[in-house]
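As structure tokens, the structure follows; a few thoughts come after it.
All residue numbers refer to positions in the sequence shown, counting from 1. Computed from a predicted model, the values in this text were never measured in an experiment.
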Amino acid sequence: YDPQRDFQPITQVTSGAYFMVIPPSVPAKSVPEFIALAKAKPGQLNFAATGTNNLLAAEQFNYMAGIKTVAVNYKGTGQAVTAVMSGEVQMFIISPLIAIAQVNAGKLRAIGVTGLKRSPALPDVPPIADTLPGYENITWHSVIVPAKTPKAIVAKLSRELMAIIRQQEVQERFSTQGLDAVGSTPEALAALIKQETVMYAKLVKQIGLQPQ
């Protein structure tokens, strides 16, 4: 399918940064220290991957840091989190909802956030961009419908959802999960999809990622 041709955007619901986490057994307390460790052990550190999003985020980090950590694929996030906590892999770029609980429990160490600013959910964790200027990788959620959905339905859904998302109670609930409530127009969501399609196509070419 073609995300720009086959779907009709309704609204972007949330936006949020991932967290880079490592097991407590890894002797690094920050992104610069992790990069130094990876450079001292080229190809010997692994990262967990459960899908395209965190795979690309980690490979983008590798590319910009000039290091080589190796992807280890897992069938699901739960399996990957267990692997990181045990030290089977040394790094995982993970969604805020899962990271927050494990970091607060002391089972994982968060060393960087993939957004350009600190997250209120874990305010002591600095942006990776502080070390690698220009690094940014954001997760977001949206509502879309089939491309041939009548315009009147698209307009009604957009209007109703935007009103719900912008309610203070909804925004506060998302905030506890490390996410910002957005509630964008269909046009703004379409522009975001187009922008990220171009960005990720460029990144895939830069890092030489091959289809699997």
Taking the side chain as everything from C-beta on, heavy atoms only, tell me whether [X] gets closer than 4.5 Å to [Y].
X: Ile164; Y: Val170; result: yes
X: Phe7; Y: Asp2; result: no
X: Pro127; Y: Val113; result: yes
X: Gln4; Y: Lys194; result: yes

Verify the distance criterion only: is there a donor paired with an acceptor across the side chains of [X] and [Y] at less than 3.5 Å?
X: Tyr200; Y: Gln60; result: no
X: Gln168; Y: Glu172; result: yes
X: Asn62; Y: Thr69; result: yes

Shared hydrophobic cluster, [X] / [Y] (ILVMFWY, side-chain heavy atoms < 4.5 Å):
X: Trp140; Y: Tyr18; answer: no
X: Val125; Y: Leu179; answer: no
X: Met64; Y: Leu37; answer: yes

Subject >> Parallel, tilted or perpendicular: ring planes of Phe61 versus Phe34, cut at 30 and 60 degrees >> reply: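 It falls in the tilted class, 30° to 60°.
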
Distance from [X] atom [atom1] to [Y] atom [atom2], nearest 0.5 Å?
X: Ile35; Y: Ile128; atom1: CD1; atom2: CD1; result: 8.5 Å
X: Thr131; Y: Ile111; atom1: OG1; atom2: CD1; result: 9.0 Å
X: Ile100; Y: Gln177; atom1: CD1; atom2: CD; result: 8.0 Å
X: Met20; Y: Tyr135; atom1: CE; atom2: OH; result: 5.5 Å
X: Thr197; Y: Leu192; atom1: OG1; atom2: CG; result: 9.0 Å
X: Ser25; Y: Arg109; atom1: OG; atom2: CZ; result: 8.0 Å

Original post:
So with a 6.0 Å cut-off around CZ of Arg173, is the heavy-atom count from everything else above 12?
Top reply: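 Result for CZ/Arg173: open.
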
Original post:
Of the options Ile165, Leu161, Leu189, which is the one that meets Val13 in a side-chain contact (heavy atoms from CB on, under 4.5 Å)?
Top reply: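 Only one of Ile165, Leu161, Leu189 forms a side-chain contact (heavy atoms from CB on, under 4.5 Å) with Val13, namely Ile165.
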
Using residues 89-98 as the side-chain source, report each donor-acceptor pair under 3.5 Å to any protein atom, sequence neighbours left out, with the distance given to one decimal.
from	atom 1	to	atom 2	distance (Å)
Gln90	OE1	Asn46	N	2.7
Gln90	NE2	Gly87	O	3.2

Original post:
Between Glu160 and Lys156, is there a side-chain N and carboxylate O pair less than 4.0 Å apart?
Top reply: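 Salt bridge between Glu160 and Lys156, a charged N being under 4.0 Å from a carboxylate O: yes.
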
